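Take a look at the following structure, please.
In this text, all values refer to a predicted model and were calculated from it rather than measured experimentally.
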Amino acid sequence: MATTSSSSSEAPLESKKKKKSLGWIEWLRGWFCLIYEMLFQRIMASHLHNPMPLPPINDLTCIVTGSTSGIGLEIARQLAQSGAHVVMAVRNTKAAQELIQKWQVDSAGLSIPLNVEVMQVDLLSLDSVVRFAEAWNARSAPLHVLINNAGIFSIGEPQKFSKDGYEQHLQVNHLAPGLLSILLLPSLIRGSPSRIVNVNSIMHHVGFVDPEDMSITSGKRKFSSLVAYSSSKLAEIMFSSVLTKRLPAEAGVSVLCVSPGIVQTNVARDLPKIVQAAYRLIPYFIFSAQEGARSALFAATDPQVPEYCEMLKADEWPVCAFISQDCRPTNPSEEAHNIQTSYEVWEKTLEMIGLPSDAVERLIEGQQVKCRYGQEQ
């Protein structure tokens, strides 16, 4: 594993001219990674079983966002049917309750009773995220795994903003999960050793983040859903990398990002024509939601994950742990290693989600932290 001595607990001094976009070689390399994964992911993951067998997790409490469809549904279902206490953090609670009833019928012959509950959260409202975290923390119960799965990719649609004023991809894919991760630290520390698992995307390889224009409103870059999605996923990795550095070993909280692979969805309409053709011509190579859930399930349950995360931190590796669709450690994009931008993204994100710059340190010490959102009006 390569190491670097450039990372530290403090933001590095500006030493280079600010990048305005990906270089064309980086951009081509990013698209190569995406197309390569599409063509060969099934071969690379051929050693995995489907569904993935899970270790004993009867004592595990897991929160899974966006768990009423797609990958999130499969993550929640498999965790629950393996004995974990699963909290479905969703916007549509009625749909979640209907799923639980179906799972109970399907699991009638299993010896392990399902332990699933539903809590409402709307990631397009940071007020809702704060209220969710406060409600969970008020239980004074341990949390062992937070899986930030919920995400959006609004294909071909015009730019939209949340009620908080932020571009929707940015808020749902990065800001809301970041806020939730920090606010739930007291419960995660109580459940130590615990994990934060962020479901990311191979498409972060073609993303670029301007910390001063994260909602893509300045006009310096032309907005598209592809630009917004890939940039939000890269921002999530950068934020997770700094969070990893801020969490001391004694906190016992591991932070990982995972790629589910190229999963069968409707996202292809906004991709280059050659990629669209690949979606139509080689459906065999595209993962099902159950297959796409494997990397997150692995990151959430494999007993060696905390040791691996701590090793990367000890080696001063500049990015957080990243697990690929074949459940093996891999390296995120070259831009994800941009330490200066990562710290700028960290600071800007804390400002946008209404937390003080020392929020993590104060929460680790057991202090109260006030967020600008979620306050009673």
* Pairing of Lys160 and Glu167 as salt bridge, 4.0 angstrom limit -> no
* Supply the atom-to-atom distance Ile323 CD1 to Cys309 SG, rounded to the nearest 0.5 angstrom. => 7.0 Å
* Asked: Is the closest side-chain heavy-atom distance between Arg190 and Leu143 below 4.5 Å?
  -> no
* **Sidechain N-carboxylate O distance under 4.0 Å for Glu26, Arg29** => no
* Structure fact -> Minimal heavy-atom distance between His169 and Ile152, with the atoms involved, is CD2-O, 3.3 Å
* **Identified side chain to side chain donor-acceptor pair (under 3.5 Å) counterpart of Glu291 within the set Arg42, Gln325, Gln41** => Arg42
* Parallel, tilted or perpendicular, as decided by the 30° and 60° cut-offs, for the rings of Trp27 and Trp31 -> perpendicular
* Asked: Roughly how far, to the nearest 0.5 Å, is CD1 of Ile196 from OG of Ser240?
  -> 8.0 Å
* **Centroid separation His204 to Phe322 less than 6.0 Å** => yes
* Can you find a heavy atom in the side chain of Ser333 that is under 4.5 Å from one in the side chain of Leu234? -> yes
* Asked: Are there more than 12 heavy atoms of other residues, nucleotides or ligands under 6.0 Å from atom CG of Asp59?
  -> no
* Salt-bridged, Glu134 to Arg131, with N to O below 4.0 Å? -> no
* **Side chain proximity check, Val116 to Arg77, heavy atoms < 4.5 angstrom** => no
* Structure fact -> Residues Pro248 and Ile364: closest non-hydrogen pair is CD-CD1, 3.3 Å
* Asked: Would you say the side-chain atoms of Asp358 pair up with the backbone N or O of Glu361, donor to acceptor, closer than 3.5 Å?
  -> no
* Asked: If you group Ile, Leu, Val, Met, Phe, Trp and Tyr by side-chain heavy-atom gaps below 4.5 Å, do Phe32 and Met44 land in one group?
  -> yes
* Asked: Ile43, Tyr36: one ILVMFWY side-chain cluster at the under-4.5 Å cut-off?
  -> yes
* Asked: Between Asn200 and Val258, is any pair of side-chain heavy atoms under 4.5 Å apart?
  -> no
* Nearest heavy-atom pair of Ala76 and Ser67: which atoms, and what distance? -> CB-CB, 3.8 Å
* To the nearest 0.5 Å, what is the distance between CG (Leu146) and SG (Cys62)? -> 9.5 Å
* Asked: Does a side chain donor of either Glu236 or Asn173 reach within less than 3.5 Å of an acceptor in the other side chain?
  -> no
* Sub-4.5 Å side-chain heavy-atom contact between His144 and Arg195 -> no
* Hey, are Thr68 and Asn92 close enough side-chain-wise for a donor-acceptor pair under 3.5 Å? -> no
* Would you say the side-chain atoms of Gln159 pair up with the backbone N or O of Ser215, donor to acceptor, closer than 3.5 Å? -> yes
* Let me see the working for Asn149 and Thr65 under side-chain hydrogen bond (donor to acceptor under 3.5 Å, both in side chains), right down to the final yes or no. => CA-CA 5 Å; Asn149 162 77; Thr65 66; 5.2 Å; no
* Any His174 side-chain heavy atom under 4.5 Å of Phe239 side chain -> yes
* Residues, nucleotides or ligands: over 12 heavy atoms within 6.0 Å of Gln367 CD -> yes
* What heavy-atom pair brings Val369 and Pro356 nearest, and what distance separates the two atoms? -> CG1-CD, 3.7 Å
* **Ion pair check, Glu212 and Arg221, cut-off under 4.0 Å** => no
* To do: Rounded to the nearest 0.5 Å, what's the gap from OG on Ser254 to CG on Leu247? Could you check?
  => 9.0 Å
* **Check: Ser259 main-chain N/O paired with Ser295 side-chain donor or acceptor under 3.5 Å** => yes
* Are side-chain heavy atoms of Ser231 and Val227 found at a separation under 4.5 Å? -> yes
* To do: Find the distance between NZ (Lys348) and CD (Glu351) and round it off to the nearest 0.5 Å.
  => 4.0 Å
* Val206 and Trp24: same hydrophobic cluster, using ILVMFWY side-chain contacts below 4.5 Å? -> yes
* **Joint hydrophobic cluster, Leu170 plus Phe161, side-chain heavy atoms closer than 4.5 Å** => no
* Asked: Is Glu98 paired with Lys102 through a side-chain N to carboxylate O contact shorter than 4.0 Å?
  -> no
* To do: Could you tell me whether Lys220 and Asp210 have a side-chain N and a carboxylate O separated by less than 4.0 Å?
  => yes
* Are Leu183 and Leu185 close enough, and set up right, to give a side-chain contact (heavy atoms from CB on, under 4.5 Å), and what steps lead you there? -> CA-CA 6 Å; Leu183 293 182; Leu185 280 176; over 6 Å; no
* **Side-chain H-bond candidate by donor/acceptor type, His85 with Glu117, under 3.5 Å** => yes
* To do: Spell out, as yes or no, whether a donor-acceptor pair under 3.5 Å connects the side chain of Asp127 to the backbone of Gly374.
  => yes
* Asked: Crowded around His47 NE2? As in, over 12 foreign heavy atoms under 6.0 Å?
  -> yes
* To do: Spell out, yes or no, whether Ile237 and Ile71 are grouped together once hydrophobic residues are joined by side-chain heavy atoms under 4.5 Å, including indirect joins.
  => no
* Asked: Between CZ of Phe208 and CD1 of Ile216, what distance do you get to the nearest 0.5 Å?
  -> 11.0 Å
* Distance-only polar pair, side chains of Gln81 and Ser107, donor-acceptor under 3.5 Å -> yes
* Asked: Got Val145 and Ile63 here, is their nearest side-chain heavy-atom distance under 4.5 Å?
  -> no
